[in-house]
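Since the structure comes first, as structure tokens, the remarks are kept for the end.
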Amino acid sequence: MIRQLLFILAVCLCLEGQAQMNNKPNVVVIYADDLGYGDLSSYGATEIQTPHIDALAEEGVLFTNAHASASTCTPSRYSLMTGNYPFRKTGTNILPGDAKLIIAQEEFTLPKVFKEAGYYTAIIGKWHLGLGDSVEKNWNEEIKPGPLEVGFDYSFIFPATADRVPTIFIENHKVVGAEDIDPIQVSYEQNIGEEPTGKENPELLKMKASPNHGHDNTIINGIGRIGWMSGGHKARWVDEELTFTFADKVKSFIEARSKKPFFLFYNAIEPHVPRMPATMFKGESNLGYRGDAILQLDHTVGEIVKELKNQGVYEQTIILFTSDNGPVLDDGYVDGAVEKLNGHDPFGGFRGGKYSAFEAGTRMPFIISWPEAIKSQKTSDALVGQVDLLATFGQLLNVKTPKDSAIDSYPMADTFFGKGEDGREKLVKSSGTFSLIKGEYKYILPSNGAKYNKLTDIELGNAPEEQLYNLAADPKEENNIAKQHPKLVKEMKEVLQTELDKKL
Ligand code: NG6
Ligand code: CA
């Protein structure tokens, strides 16, 4: 009798263990930086091969109509994290490296969805959402609030972008390697300290800054940065080691947490400037350092998958791969991206690029794999946004979104995980201006902003007149049909305005 009871108990425990596993897959979001729709071989690139990322698409869902909320980093990340469009909050534009945290601690966030479901949550890589309560902060003491205060249990980040000071890692609340005898100071106002700058000592640079782009303040590791920094010499990163450092943290995180469900947000640095990949990737792509950086990203994705497999958790792990905004060739450094393009099309045939209201600015590669649940390869043309991650994972894990939070995020689990084709009815995107996608149409709000950015050679999509495109018939946005469809323009303008006017 007792043996029978024990047997039943064992079966129950075992089933419960299994059910738990199935209901609570691990989730790894891999967020590339400035990777374009056309930068992956799974999205049609022929001049570069990305086998590890492609492998995710081969056993998962590849989306053709997925969008970042903005064509630059901070607003896209803010939106992915909060489930709100970035224009709902002021101060969500590209942040300097000393900015204060722009997510309120009481705000509901993507990692909080996972925490509520009992997950262990971590962010590793780029942050770019600000740190602390004010711009002035003591980088040698505890730096907070930051990732840990908005939903992560563990963080290993750098503050802003690789081209901005301070060039240091922060683990939880502390700068790694900070020393009291060499205090870290940062300014975006004036030169501090005695160190050479790209402006005064260009002969010290190992990678030249492009004329008129800036990037000529403090030189660190032979690269001129945006902003000035002094001190923290032992804490400074070496660009060639950045990804290996983050990847190492990712591996130990997976190893340590693999017995519990986890959410890992890996914010890759590639192929954002300064592109300074590890020596083993330099010259490997035939496309200059930009291409080499993409190979490094692909390699890292392969390493993450390998570690998940080593730990025996790959089958029950969702991997979502996407990028924060569209591609740019010259974004501040003379690194060969323009000269060595060699027929590669990072823009995937779309118009515009990073910073732009045209599609290349925000149309993103977006791949989801989940071996246990998605059994065959699929391509989905459903309209989805990165803003939907919050509600979708909430739906999957049965976590309710509090009232008045994540108001722009839609639950799309069936579509994300290959069981359905329903997309959003509409989506708003921010660049300098705003655009609305609804069905096959895209409307761009008139704007007096510059039409073209000479520095980056990108069309920004701004125009003083109404713009309407049929993305199904004209994905390159070459024929503005606003004049032929005044009623539709009026309707879309109203829908957009209603969205812009909504309050949190
Ligand atoms: C721009 C920088 C660019 C890059 C970008 C942020 C200049 C002229 N250009 O202002 O180099 O740092 O900001 O990129 O300063 S993002 O992907 O983080 O949005
Ligand atoms: Ca970016």
Side-chain angles (χ1 to χ4, degrees), residues 29-37 39 67-81 86 91-99 102 125-130 157-167 188 197-199 207-218 220 223-228 239 242 265-276 289-290 293-294 297 321-335 337-338 346-347 352-356 360-365 386 429-432 449-450 452-458 460:
V29 173
I30 304 176
Y31 209 24
D33 196 359
D34 296 7
L35 187 79
Y37 190 90
D39 274 325
H67 302 257
S69 290
S71 55
T72 53
C73 172
T74 303
S76 283
R77 282 161 204 260
Y78 173 82
S79 186
L80 185 147
M81 278 283 288
T92 55
N93 281 332
I94 302 174
L95 293 174
D98 59 354
I102 57 168
K126 172 173 176 168
W127 175 238
H128 214 185
L129 292 167
I157 56 162
F158 68 54
T161 57
D163 56 357
R164 282 171 169 70
V165 299
T167 56
Y188 277 75
T197 64
K199 194 168 183 180
M207 185 163 60
K208 273 198 208 145
S210 308
N212 307 317
H213 276 252
H215 296 85
D216 59 358
N217 304 143
T218 306
I220 293 157
I223 299 170
R225 311 284 164 163
I226 305 178
W228 293 272
D239 300 77
L242 268 174
F265 193 18
Y266 173 57
N267 286 335
I269 61 163
E270 298 94 351
H272 194 281
V273 297
R275 299 158 188 141
M276 189 49 69
Y289 284 177
R290 185 174 186 280
I294 293 172
L297 169 68
F321 178 93
T322 187
S323 168
D324 68 341
N325 56 253
V328 54
L329 297 176
D330 183 352
D331 207 17
Y333 298 96
V334 183
D335 60 9
V338 177
F347 311 92
K354 183 175 180 177
Y355 310 110
S356 178
T362 38
R363 179 87 65 119
M364 294 290 105
Q386 291 170 0
K429 305 198 282 183
S430 307
S431 47
Y452 173 70
N453 183 312
K454 252 201 240 157
L455 290 177
T456 54
D457 189 23
I458 285 173
L460 298 176

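Just so you know, ligand 1 is whichever comes first in the structure, and atom 1 is the first atom listed for that ligand. Sequence positions, counted from 1, serve as the residue numbers for this chain.
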Set of ring pair (Phe, Tyr, Trp, His ring centres under 6.0 Å) partners for [X], sequence neighbours left out:
X      : result
Tyr37  : Tyr43, Phe350
Tyr266 : none
His215 : Tyr333

Heavy-atom distances under 4.0 Å decide this one: backbone, side chain, both or neither, for [X] against ligand 1?
X      : result
Asp331 : both
Lys126 : side chain
Thr74  : neither

Which atom names give the shortest non-hydrogen contact between [X] and [Y], and what distance separates them?
X      : Y      : value
Tyr188 : Val165 : OH-O, 2.5 Å
Arg275 : Val328 : NH2-O, 2.9 Å
Ala268 : Asp33  : O-CB, 3.6 Å

Any idea which atoms of ligand 1 are less than 4.0 Å away from a heavy-atom of [X]?
X      : value
Asp33  : 17 (O)
Thr72  : 19 (O)
His128 : 18 (O)
His213 : 7 (C), 8 (C), 15 (O)
Ile94  : 6 (C), 13 (O), 19 (O)
Asn325 : 17 (O)
Ile226 : 15 (O)
Thr161 : 18 (O)

Review point. Between atom OG of Ser71 and atom CG of Asp324, what is the distance when rounded to the nearest 0.5 Å?
Key: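 These two atoms lie 10.0 Å from each other.
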
In the protein, what heavy atom is nearest to [atom], and what distance, to one decimal place, separates them?
atom                    : result
atom 9 (N) of ligand 1  : His215 CE1, 3.8 Å
atom 1 (C) of ligand 1  : Tyr355 OH, 3.5 Å
atom 10 (O) of ligand 1 : Arg164 NH2, 3.8 Å
atom 14 (O) of ligand 1 : Lys354 NZ, 2.7 Å

Check your understanding: Considering residues, nucleotides and ligands other than Phe347, do more than 12 of their heavy atoms fall under 6.0 Å from its CZ?
Key ->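 Yes.
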
Please answer whether the main-chain N or O of [Y] pairs with a side-chain N or O of [X] as donor and acceptor at a distance below 3.5 Å.
X      : Y      : value
Thr74  : His128 : yes
Thr322 : Pro365 : yes
Asn267 : Ile30  : no
Thr92  : Pro86  : yes

Point to revise | Cys73 to ligand 1, any heavy atom closer than 4.0 Å | key: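 Under 4.0 Å: yes for Cys73.
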
**Study point:** Tyr333 heavy atom under 4.0 Å from ligand 1
**Key:**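 No; Tyr333 lies far enough from ligand 1 that no heavy-atom distance drops under 4.0 Å.
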
Review point. What residue among Lys354, Arg290, Glu270 forms side chain to side chain contact (heavy atoms under 4.5 Å, CB included) with Asp34?
Key: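 Looking at Lys354, Arg290, Glu270, the match for Asp34 under the side chain to side chain contact (heavy atoms under 4.5 Å, CB included) is Lys354.
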
**Study point:** Leu455 and its side chain to side chain contact (heavy atoms under 4.5 Å, CB included) partner, picked from Asp457, Ile458, Asn453
**Key:**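 One option only clears the test, and that one is Asn453.
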
Check your understanding: What protein N, O or S atoms come within a distance below 3.0 Å of the Ca ion (ligand 2), ordered by chain and number?
Key ->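 Correct list: Asp33 OD1, Asp34 OD1, Asp324 OD1, Asp324 OD2, Asn325 OD1.
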
